[in-house]
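Computation of the quantities below employed the complete heavy-atom set of this structure, encompassing side-chain atoms and omitting hydrogens, waters and symmetry-equivalent molecules.
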Amino acid sequence: MSDQKQELLNYIQARLGELDQIHDQAEKALNAVQGKDHVTKWKRKVVEGLAPYVSTAYLKHVTKEWLETTYFVGDVFDELADEVDMCRRHLKKLAKEIQTSGIP
């Protein structure tokens, strides 16, 4: 595996850890609104961090999915959980794609 692939996989793994921590903190503090704010800031940081590695098309896709999509289900904790799950799925899918097909 190339150094760039491994570097990107390490980056993804670290961001997954951050995401879990943000979600756990929001649930423990019973503050989903603050948690959503933290997740939004985290998403922007991750999108910027992916930019040097991934194609422009992939970056546009993840930007649209992460920064332009909003979840409204009525319960702010459910919305936060849905948003965290969506981000987690995207990052895990990206990691798998990197391992099997290379960097998109």
Side-chain angles (χ1 to χ4, degrees):
M1 181 177 304
S2 73
D3 289 343
Q4 187 177 26
K5 284 183 184 179
Q6 189 58 52
E7 190 176 311
L8 182 53
L9 289 171
N10 292 343
Y11 177 81
I12 291 168
Q13 192 61 40
R15 300 305 72 85
L16 284 167
E18 287 176 355
L19 181 61
D20 290 339
Q21 189 175 33
I22 289 168
H23 191 219
D24 289 345
Q25 288 172 350
E27 286 185 330
K28 286 177 186 171
L30 298 176
N31 193 337
V33 174
Q34 184 181 31
K36 284 182 66 71
D37 287 343
H38 287 287
V39 169
T40 299
K41 289 176 186 174
W42 174 88
K43 289 190 300 185
R44 286 186 184 114
K45 179 179 100 174
V46 173
V47 169
E48 290 173 9
L50 289 174
Y53 297 101
V54 299
S55 68
T56 304
Y58 183 82
L59 194 62
K60 285 181 182 180
H61 165 74
V62 80
T63 298
K64 181 176 178 152
E65 290 288 319
W66 285 21
L67 302 179
E68 298 173 13
T69 301
T70 307
Y71 294 91
F72 293 108
V73 294
D75 180 277
V76 289
F77 283 101
D78 286 343
E79 290 172 15
L80 175 63
D82 289 347
E83 197 163 357
V84 166
D85 287 343
M86 179 267 307
C87 292
R88 187 179 294 119
R89 277 191 316 273
H90 275 128
L91 288 179
K92 286 183 176 184
K93 181 180 176 185
L94 175 58
K96 186 173 184 173
E97 187 173 340
I98 291 165
Q99 292 170 332
T100 58
S101 307
I103 298 173

Which heavy atom of [X] sits nearest to which heavy atom of [Y], and what is that distance?
| X | Y | value |
| --- | --- | --- |
| Ala26 | Phe77 | O-CE2, 4.0 Å |
| Leu19 | Val84 | CD2-O, 3.5 Å |
| Lys43 | Cys87 | CD-SG, 3.5 Å |
| Glu97 | Pro104 | OE2-CB, 3.3 Å |
| Gly35 | Ile22 | O-CG2, 4.0 Å |
| Lys45 | Tyr11 | O-OH, 3.5 Å |

- Check whether Val33 and Val39 end up in the same hydrophobic cluster, where Ile, Leu, Val, Met, Phe, Trp and Tyr are linked by side-chain heavy atoms less than 4.5 Å apart.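 No; tracing contacts between hydrophobic side chains, which count when under 4.5 Å, never links both residues.
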[atom1] of [X] to [atom2] of [Y]: how many Å apart, nearest 0.5 Å?
| X | Y | atom1 | atom2 | value |
| --- | --- | --- | --- | --- |
| Asp37 | Asn31 | CG | CG | 8.5 Å |
| Leu8 | Leu50 | CG | CG | 6.5 Å |
| Leu9 | Gln4 | CG | CD | 10.5 Å |
| Gln13 | Lys92 | CD | NZ | 8.5 Å |
| Asp85 | Leu80 | CG | CG | 9.5 Å |
| His38 | His23 | NE2 | NE2 | 13.0 Å |

- Quick one: sort the His90 and His61 rings into parallel, tilted or perpendicular, breaks at 30° and 60°.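 Rings of His90 and His61: perpendicular, over 60°.
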Report yes if the side chains of [X] and [Y] come closer than 4.5 Å at any heavy-atom pair, otherwise no.
| X | Y | answer |
| --- | --- | --- |
| Ile98 | Ile12 | yes |
| Val62 | Leu94 | no |
| Thr56 | Lys60 | yes |

- Message: Can you tell me if Glu27 has over 12 outside heavy atoms packed within less than 6.0 Å of its CD?
- Response: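 Yes.
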